[in-house]
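Right, one structure below, let's go through it.
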2 protein chains.
Amino acid sequence: MARNRTRDDILTVSARLFARDGFRGTPLSDIAAAVGCSKATLLYHFAGKDAILRELLRPAAAAAFDLDARLTGLTGDDARAAAVDGFVDLVLEYRSEVGLLYADPHLVDMPALAEFKPIVDRLCSAFAGGSADPADQIAAQVVLSGLCQVGLEHAADPHPGLRDALTRVARRALLLASDRPTD
Amino acid sequence: MARNRTRDDILTVSARLFARDGFRGTPLSDIAAAVGCSKATLLYHFAGKDAILRELLRPAAAAAFDLDARLTGLTGDDARAAAVDGFVDLVLEYRSEVGLLYADPHLVDMPALAEFKPIVDRLCSAFAGGSADPADQIAAQVVLSGLCQVGLEHAADPHPGLRDALTRVARRALLLASDRPTD
DNA sequence: ACCATGCCTGACCGATCGGCCAGGTTCTGA
DNA sequence: TCAGAACCTGGCCGATCGGTCAGGCATGGT
């Protein structure tokens, strides 16, 4: 895991700066200064700025893939409830990563991050319960992006009641029963 | 109003490109090319890139100020309902402008746009009904940013049922009665 | 003692971008 | 007709940024 101390520092510092100023808003020189190394060192450990972002996002991407896979086996309100619960968990677990993508929507146009798009689409569809009613789809979009926003807003605030509050508001908005269905 | 043809073209084209690629993602050279004039012409008509954005956002800013002023006279659920209805109207009326700010959250750090921040805060507080309960404030944040997202997503899609769908999902999420209170 | 490897760096490069300027052209009113 | 204002432009500048490169330094194995 910890192949190198400096390498880990770069990731830690990058995560903080990217979350604060956005990916495009954070020059390599700022990362280098915060780490205490030269800009060239960053490029020694990583193939480029994009590679730093990709590695930072990898655990979150894996979790998103996982959630996506879990949802394919479910249908109806089971799928909707699992999608809400799973996504709230994912947002809380990877707040800064979600906030990062949220704060720079054009990042998903990067080739390396294109894999996220279909997952988000399927997640949105799961929120809507596969309904063709535009009102349901719009509600799903509102909930999805609203939950993401919290990743930004509360990036450094481990509020204990946050999970419940998010789950409840999402279920209300999506017209889902308030209690967890399967646990 | 129409002081100059080229000037109007610049604003029209800028609105389109800013909405598509974001403010920071749109160089002046692209605007000039799309307008069919030189980059220097842009800077003849406007003090700078920021000035173009400021002028584009002025009508939306005025509407936001207006909504803010209307809300100060109301309290309780009246204020919450008026905030929801007013903000949905504002988002639908100024979709591309809202989407623009949403797509580049760091724009509000621009001095010229700092005026928006307190308005958004008050609007969020109005959504929460002034409640000190974190769950209410979180619900308000989810709704506020969720509604903004739609400005991006449906920027060019004048869907007729959009207003109703947005109002209903917002009211559900905020635990407000579903019918308009005062009309 | 020597070399190979991993780690790190200053200096530099090319591209991009916002903005400035001197000067040219067109329009307008006296 | 002509002066001045309004409009427009190519060319240039400085700053920023991602990325490259040759070389320095420490470490550890032989």
Side-chain angles (χ1 to χ4, degrees), chain A residues 1-57 100-101 103-104 106-114, chain B residues 1-57 100-101 103-104 106-114:
Chain A
M1 183 65 67
R3 302 199 308 200
N4 182 284
R5 171 66 195 281
T6 303
R7 199 185 137 92
D8 293 344
D9 286 350
I10 292 172
L11 287 175
T12 306
V13 166
S14 298
R16 197 181 71 232
L17 294 184
F18 286 168
R20 195 189 65 185
D21 302 325
F23 177 73
R24 281 187 295 182
T26 306
L28 289 179
S29 54
D30 280 10
I31 301 174
V35 170
C37 69
S38 79
K39 207 177 57 173
T41 301
L42 305 182
L43 282 314
Y44 170 77
H45 287 285
F46 297 92
K49 199 185 175 190
D50 292 4
I52 300 178
L53 180 66
R54 233 177 299 132
E55 182 137 343
L56 275 179
L57 257 37
L100 186 50
L101 289 177
D104 229 325
H106 291 280
L107 279 186
V108 292
D109 294 337
M110 274 177 39
L113 272 55
Chain B
M1 183 65 67
R3 302 199 308 198
N4 182 283
R5 170 69 194 279
T6 304
R7 198 186 139 92
D8 293 345
D9 287 349
I10 294 172
L11 287 175
T12 306
V13 166
S14 298
R16 197 181 71 232
L17 295 184
F18 286 169
R20 194 188 64 186
D21 303 325
F23 177 72
R24 281 186 294 180
T26 306
L28 288 179
S29 53
D30 280 11
I31 300 174
V35 169
C37 68
S38 78
K39 209 177 56 173
T41 301
L42 303 181
L43 299 177
Y44 170 76
H45 288 285
F46 297 91
K49 200 185 174 189
D50 292 4
I52 300 178
L53 179 66
R54 234 177 298 131
E55 182 136 344
L56 275 179
L57 257 36
L100 186 51
L101 289 176
D104 230 326
H106 291 281
L107 280 186
V108 292
D109 295 338
M110 274 177 39
L113 270 56

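Since this is a predicted model, take the numbers as computed values, not measurements. Here is the naming used below: chain letters follow the sequence lines, and residue numbers restart at 1 for every chain.
- Considering only the side chain of B:Thr6, D:dC8 comes nearest among D:dT9, C:dG18, D:dC8.
- Straight-line distance from the CZ atom of B:Arg5 to the P atom of C:dT26: 18 Å, rounded to whole Å.
- Residue A:Leu28 is classed as a sugar-phosphate contact, given heavy-atom separations below 4.0 Å to backbone atoms only.
- Here the side chain of A:Pro27 is nearest to one of D:dT9, D:dG18, C:dT9, namely D:dG18.
- Atoms OH (B:Tyr44) and P (C:dG24) sit 17 Å apart, rounded to a whole Å.
- A:Lys49 places a side-chain N or O within donor-acceptor distance of the main-chain N or O of A:Thr26, the cut-off being under 3.5 Å.
- Here the closest heavy-atom approach between residue A:Arg7 and residue A:His45 is recorded as NH1-O, 3.2 Å.
- With B:Arg54 as the fixed residue, the side-chain contact (heavy atoms from CB on, under 4.5 Å) test singles out one of B:Leu57, B:Leu56, B:Asp50: B:Asp50.
- B:Leu43 has its CG atom 12 Å from the C1' atom of D:dT9, to the nearest Å.
- In this structure, the CZ atom of A:Phe46 is 12 Å from the P atom of C:dC7, given to the nearest Å.
- Here the nucleotide nearest the side chain of B:Asn4, chosen from C:dC20, D:dC8, D:dC17, is D:dC8.
- Rounding to whole angstrom units, CD1 of residue B:Ile31 and C1' of C:dT16 are separated by 15 Å.
- With distances taken from any side-chain atom of B:Lys49 to the nucleotides C:dG19, D:dC7, C:dG10, the minimum falls on C:dG19.
- Comparing A:Ala47 and A:Ser29 against DNA chain D, the residue whose closest nucleotide sits nearer the 5' end is A:Ser29.
- Between the NZ atom of A:Lys39 and the C1' atom of C:dC7 there is a distance of 19 Å, given to the nearest Å.
- The CG-P distance, from B:Leu42 to C:dC21, rounds to 17 Å in whole Å.
- Atoms CZ (A:Arg7) and C1' (C:dC8) sit 15 Å apart, rounded to a whole Å.
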